[in-house]
Amino acid sequence: MSKIKGLVCKECKKEYAAEAIHVCEFCFGPLEVAYDYEYIQTKISKEKIMNGPLSLWRYEDLLPIESTPTVGLHTGFTPMIHAKNLGLKLGLDHLYIKNDSVNPPTLSFKDRVVAVALTRAKELGFDTVACASTGNLANSVSANAAQAGFKCFVFIPADLEAGKILGNLVYNPTVIAVEGNYDDVNRLCSEIAGEYPWAFVNINLRPYYSEGSKTLAYETAEALDWQAPDHVVVPIASGSLLTKIYKGFHEFERLGLISNVSTQIHGAQALGCSPVATAFKKKTDFIQPVKPDTIAKSLAIGNPADGFYAIKIAQETGGVIESVTDKEILEGIKLLAENEGIFTETAGGVTVAVLKKLTDQGVLKKGESIVAYITGNGLKTQEAIAPAVGAPSLIQPNLKSFQQTLKEEAK
Ligand SMILES: *Cc1c(COP(=O)(O)O)cnc(C)c1O
């Protein structure tokens, strides 16, 4: 008996063995892991989860690995904060921040997907891992590969933030900076994946990788005393995270761990790369690819693989997909920092700005429970926020100089 039945095409439902493949040979639809939920039902319980490790591996029964976890053993189980200050500011009584900006080891939600993908890569016998990345994924693959003893190649757009480039190099993988945007990097990597026997976490291992994102929903429900919230606000790059948060709540419901899930799933994009928000507003599920131009580089995917499914989920749950300007993104970063003491990167600024916009629009209401997913750390995108935070007050090392400055500050 095994919890994994295999892979199944999301479109035509054709079944495949659980190997390193991601596209249906017949209809080119994406493949997904198929679980034996009857079997899982006999294994899983709230008590078992609550007594499990303080990491995402407490939900191992719902993750696509066959042996035991070997990578990312400290990832997940990040703080869930009742954001009272920000809530007061926005007029929301039950606003929560799920803070993956402190997720170990590389300070973004991508550590979740990589923990699962690299554990699976080991099971499938790979010795080399790789990825096409907008930044955070490369950081996580680099760090986890170093720890787990894989050879590692990461591919990034050449114009990434300094902190994200350094956050690869320090682990000493092969870092390939491509002169092009993420969509160019991804296209190239699909070609490379066909030529080399490597585990590309977000290409041939994508069915396993993407499942790691479900743990954000599981942790949310557990932290809310085994309930799903009324609303979630989720940043969208490829759209995968949004679809998996939806899946996570509904798996918990199916297994009887929570009940009456009616969570409205809202999506957040930067206006400078908003193909999903644009299609949503036009009430079409056809996504017109765009050329990204935004400070939110971690979300800058112009041709998002799961955009279609993200729109379906927003529509089905009564959610909204909104976009915000670069200026609003910086305001969002500051709003979160000044009210909750959390320094997020540009993607988190997108989420907070959309949270504010949806509150102003009356979509999110005072008495409802709302969870905003803060997926990355501000220290990685310093050049984006630097122009908006001013400078320190420079003084001479004496009391007079300090008092002079204090007087000027008070004006
Ligand atoms: C990758 C990423 C996302 C969203 O990823 P999806 O491709 O939509 O799953 C959100 N926030 C940050 C910080 C990211 O790095």
Side-chain angles (χ1 to χ4, degrees), residues 30 78 97-103 106-114 116-117 131-143 154 156-157 160-161 163-164 167-168 182-183 185-186 201-203 206-217 232-248 265-270 273-277 287 292 294-311 313-314 321 329 332-333 336 342-354 372-381 384:
T78 53
I97 298 292
K98 179 63 174 165
N99 187 10
D100 261 17
S101 77
V102 294
N103 197 23
T106 66
L107 311 178
S108 86
F109 106 90
K110 290 296 196 309
D111 290 319
R112 297 175 183 275
V113 285
V114 172
V116 174
C131 68
S133 175
T134 57
N136 285 311
L137 180 60
N139 292 173
S140 184
V141 170
S142 299
V154 299
I156 53 172
L160 277 194
E161 300 92 343
K164 289 205 178 140
N168 298 322
Y182 172 81
D183 299 283
V185 175
N186 193 38
V201 302
N202 56 338
I203 301 179
R206 192 171 179 86
Y208 311 99
Y209 151 99
S210 57
E211 289 288 286
S213 295
K214 296 188 306 185
T215 58
L216 267 173
V232 293
V233 182
V234 186
I236 296 177
S238 72
S240 174
L241 171 61
L242 184 144
T243 67
K244 295 295 174 167
I245 284 178
Y246 171 86
K247 184 176 179 184
I265 314 268
H266 307 284
Q269 292 208 293
C273 182
S274 51
V276 187
I287 293 177
T294 171
I295 57 170
K297 295 184 188 209
S298 55
L299 303 181
I301 299 184
N303 188 11
D306 291 297
F308 168 82
Y309 299 109
I311 288 178
I313 286 170
I321 303 178
I329 294 170
I333 292 174
L336 185 64
I342 295 170
F343 183 17
T344 186
E345 67 151 85
T346 45
V350 171
T351 303
V352 174
V354 167
Y373 290 98
I374 298 303
T375 48
N377 192 294
L379 290 171
K380 293 195 195 185
T381 62

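Whatever order the structure lists ligands and atoms in, that order sets their numbers, starting from 1. FYI, the numbering just counts along the sequence from 1.
For atom 12 (C) of ligand 1, the nearest non-hydrogen atom of the protein is Thr375 OG1, 3.3 Å. In this structure, the protein non-hydrogen atom closest to atom 7 (O) of ligand 1 is Ser238 OG, 2.6 Å. Atom 2 (C) of ligand 1 has as its closest protein heavy atom Lys110 NZ, 2.4 Å.
Residues Arg112 and Thr375 bring no donor and acceptor atom of their side chains to less than 3.5 Å of each other. Side chain to side chain, Thr78 and Asp100 meet the donor-acceptor criterion of an N or O pair below 3.5 Å.
The only member of Lys110, Lys380, Lys164 that meets side chain to side chain donor-acceptor pair (under 3.5 Å) when paired with Asn139 is Lys380.
Within ligand 1, counting atoms from 1 as listed, the ones closer than 4.0 Å to a heavy atom of Asn136 are 13 (C), 14 (C), 15 (O). Atoms of ligand 1 lying under 4.0 Å from any heavy atom of Gly239, numbered from 1 in the order shown and given with element: 6 (P), 7 (O), 8 (O).
Shortest non-hydrogen contact noted between Val113 and Tyr209 is CG1-O, 3.1 Å. The two residues Ala132 and Val185 have their closest heavy-atom pair at CB-CG1, 3.9 Å.
Not one N or O on the side chain of Thr351 forms a donor-acceptor pair closer than 3.5 Å with the backbone of Val234. Although no hydrogens or angles enter the test, the distance criterion places a donor-acceptor pair under 3.5 Å between the side chain of Gln269 and the main chain of Ala277.
The closest non-hydrogen atom to atom 4 (C) of ligand 1, taken over Ala237, Ser240, Ala347, comes from Ala237.
With a heavy-atom cut-off of 4.0 Å, Leu241 touches ligand 1 through backbone and side chain alike. The part of Leu299 lying near ligand 1 is the side chain, judged by heavy-atom distances below 4.0 Å.
Proximity of Pro235 to ligand 1 is established by a heavy-atom distance of less than 4.0 Å.
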